[in-house]
Amino acid sequence: MLNMKEKIAGLLAGHIEGLDQSEIAKLIEIPQDSKMGDYAFPCFRLAKTMRRAPAQIAAELAGKIAGDPLFAKVESVNAYLNMFIDRAEFTREVMEAVISEKDRYGASDVGGNRPVVVEFSSPNIAKPFHIGHIRSTVIGNSINKIYSFLGYNVIRINHLGDYGTQFGKMIVAYRRWGKKEDVINEPIKTLLSYYVKFHEEAEKDPTLEDEARAVFTRLENGEKEETELWQWFRDESLKEFSRVYKMLGIEYDSYAGESFYSDKMPRILQELKEKGLLEDSQGAQIVDLEKYGLPPALITKSDGSSLYITRDIAAAVYRKETYDFYKNIYVVASQQNLHFQQWIQVVELMGYDWARSCIHVPFGLVSLEEGTMSTRHGRVVFLEDVLNRAVEQTKEVIREKNVNTECIDETAQMVGIGAVMFQELSNNRIKDYVFSWDKVLNFDGETGPYVQYTHARAASVLRNAGAAADKALADAASADMSYIGGDSAYELAKLIYRFPEVVLDAGEKYEPSVVTRHIVDVAQCFNKFYHDEHILVDDEKEKEAKLILTYAAKQTIKNGLSLLGIQAPEKM
Ligand code: ARG
């Protein structure tokens, strides 16, 4: 990874006493005011070891390094050494890094292959996979890609909501009003209608709730008939979920959902008991968390059935034992903040020092322009419908523009689905937002299609250049970058240079939007360069430099999109 501060520190190290290269690198600043240089080094710390006034040291250092080709100018101002980077030299270094690293540009090995669990999406079985699920699904997918790119060994888990009292309700409803063929023909919509009907009927006849609880207990006890029905609902649901994951290009290493932990619960209960954490409360069992300012964690209900929180505790213990994670990341809505605080606190009380390596990454609500969704009332927008509609509308746009009709289906898939994903990853995840068709499919502005189009534009320039493009990349070491010393080119080179830092930052903050915004900047800057300058000029040397920059911009956009889980079309 190219690191200018390290590079400069390397140049300074030979002339400084008492500090090593990495200490020097840490002291190097980027001045607010570019009149003070691109980088500055304060010399105060050196006064003691070098036994001279800081200003004198700064002046001496300036003299020593001024001749290096990396600098256009080096000045000392009082105790500061101000360094102005030579644009051409800087650009050449950055371009060489991109050309040599290609699809790996921006990647690093800070992760050292340490295992990181990323749990994301985790929808509930037999319920619609709706637009609300897009957030965890797409944000989590991107966090997984970012962590892999940073050299972690990522384990992708879908903690399916495939257990709990709602299955009692579903089974009761199916037995009373259900039809097998309907479920087979249209599983989720049919199952959802049963769920809705159950709640309507239960308002009139509350004994239905008791019946549902009893059926769930039978399921927990592994009774054959209930288990088969449950398994059937699960299989049918997964078929539907898988279709959506395929459209989004999402894969998992494990679908161990809530049901997976049903036989791992007794051990957890035993452990909680032995550690003196369980208390009786009106027949139910709880862990008191008052000391931590939290409501009690309800571990088992009075009828003995287990709960969501208990399954999360069992899942965390299982993951630690199975994967020995360095981090265990949960991409789950902020509505569940309290739930995560509670169970992570319980795990800590159990004496597990890795409790704080369980990290809840929350995000805000998505709502619809026409009002809130309600599964119980059947008011939902299916994610699959949204994706299909995005693809259809994209197809129309492409037809209107009358471009590239040869692979219209494939392009519309990439662009339509990319547009939905990109919008999802554009804002800070914690913000609530309103899903709006106009915004998703607005192909101008800071959108996925805009960034993808910029990538395709750069690709087309390189295609049109033919063999000259390959030659330019092969000869990059001797390219003359002074041809691209203009402001837009230099800005572009600086943005490309910053990409690896941006990826690190996004990983530390669990915030893919940091990457999204950066590649929008790269795209805008490339388009400015494209409009300001003619790329395919007659002068071979000038053309070579410009093609190299075009390639680097394209590669950076591609790598950024890939971290968001979005494809980068070569043609559009
Ligand atoms: N299935 C839950 C829901 O749809 C989300 C699961 C979140 N993950 C967890 N480990 N609790 O609300």
Side-chain angles (χ1 to χ4, degrees), residues 116-141 143-144 155-167 169-170 188 191-192 195 216 230 233-234 237-238 240-241 244-245 250 252-262 264-265 268 294 297-299 306-320 322-323 325 327-347 352 354-355 357-367 372-376 380-383 429 510:
V116 166
V117 170
V118 183
E119 186 212 289
F120 61 107
S121 196
S122 309
N124 295 330
I125 292 293
K127 292 245 191 95
F129 196 21
H130 59 69
I131 183 69
H133 293 114
I134 195 173
R135 305 224 68 193
S136 171
T137 307
V138 171
I139 296 169
N141 184 50
I143 290 177
N144 125 55
I155 301 110
R156 302 159 295 182
I157 299 187
N158 194 330
H159 187 75
L160 290 173
D162 58 1
Y163 219 58
T165 44
Q166 72 269 27
F167 289 97
K169 296 175 186 178
M170 200 78 71
I188 304 259
L191 292 170
L192 173 65
Y195 192 70
F216 179 59
W230 166 83
F233 295 160
R234 188 183 193 273
S237 302
L238 258 186
E240 176 154 341
F241 297 166
V244 177
Y245 292 136
I250 288 177
Y252 284 98
D253 300 300
S254 161
Y255 278 90
E258 293 187 43
S259 67
F260 180 77
Y261 301 100
S262 58
K264 295 168 184 62
M265 228 84 76
I268 297 295
L294 297 169
L298 184 55
I299 302 291
S306 69
L307 285 144
Y308 182 48
I309 200 164
T310 325
R311 293 190 278 275
D312 261 322
I313 296 168
V317 172
Y318 175 84
R319 288 179 197 173
K320 184 66 196 178
T322 309
Y323 306 112
F325 56 72
K327 281 183 184 183
N328 179 20
I329 297 171
Y330 296 81
V331 185
V332 180
S334 60
Q335 286 144 303
Q336 299 197 27
N337 281 354
L338 181 60
H339 167 77
F340 277 90
Q341 282 168 3
Q342 287 178 298
W343 78 249
I344 292 173
Q345 187 62 57
V346 173
V347 173
Y352 292 120
W354 48 262
S357 311
C358 296
I359 296 153
H360 177 207
V361 175
F363 52 82
L365 268 174
V366 50
S367 54
T372 52
M373 278 187 290
S374 161
T375 312
R376 288 194 184 183
V380 286
V381 175
F382 287 81
L383 186 47
R429 58 180 157 73
Y510 312 104

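Residues take their numbers from the sequence shown, with the count starting at 1. Both ligands and their constituent atoms are indexed starting at 1 by order of listing.
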Problem set entry | Aromatic contact, F167 with F233 (centres under 6.0 Å) | no
Exercise. Are the side chains of H159 and V332 in touch, meaning some heavy atoms are under 4.5 Å apart?
Worked result: no
Seminar exercise, completed: The salt bridge (charged side-chain N to carboxylate O under 4.0 Å, His left out) partners of K327 (sequence neighbours excluded) come to none
Tabulation required: pairs of a nitrogen or oxygen in ligand 1 and a protein nitrogen or oxygen under 3.5 Å; columns are atom names and distance to 0.1 Å; otherwise 'none'.
unit_1	atom_1	unit_2	atom_2	d
ligand 1	1 (N)	S122	O	2.9
ligand 1	1 (N)	N124	OD1	2.7
ligand 1	4 (O)	N124	OD1	3.4
ligand 1	4 (O)	N124	ND2	3.4
ligand 1	8 (N)	E119	OE2	2.8
ligand 1	10 (N)	E119	OE1	2.9
ligand 1	10 (N)	E119	OE2	3.4
ligand 1	10 (N)	D312	OD1	2.7
ligand 1	11 (N)	Y308	OH	2.7
ligand 1	11 (N)	D312	OD1	3.4
ligand 1	11 (N)	D312	OD2	2.7
ligand 1	12 (O)	Q336	NE2	3.2

Exercise. Between I139 and F120, is a side-chain contact (heavy atoms from CB on, under 4.5 Å) present by the stated rule, with each step listed?
Worked result: CA-CA 8 Å; I139 296 169; F120 61 107; over 6 Å; no
For this session: Kindly indicate, with the supporting measurements, whether the criterion side-chain contact (heavy atoms from CB on, under 4.5 Å) is fulfilled by I344 and Y352.
Result: CA-CA 10 Å; I344 292 173; Y352 292 120; over 6 Å; no
For this session: Could you check N328 against S357 for side-chain contact (heavy atoms from CB on, under 4.5 Å), going step by step and ending with a plain yes or no?
Result: CA-CA 6 Å; N328 179 20; S357 311; 5.8 Å; no
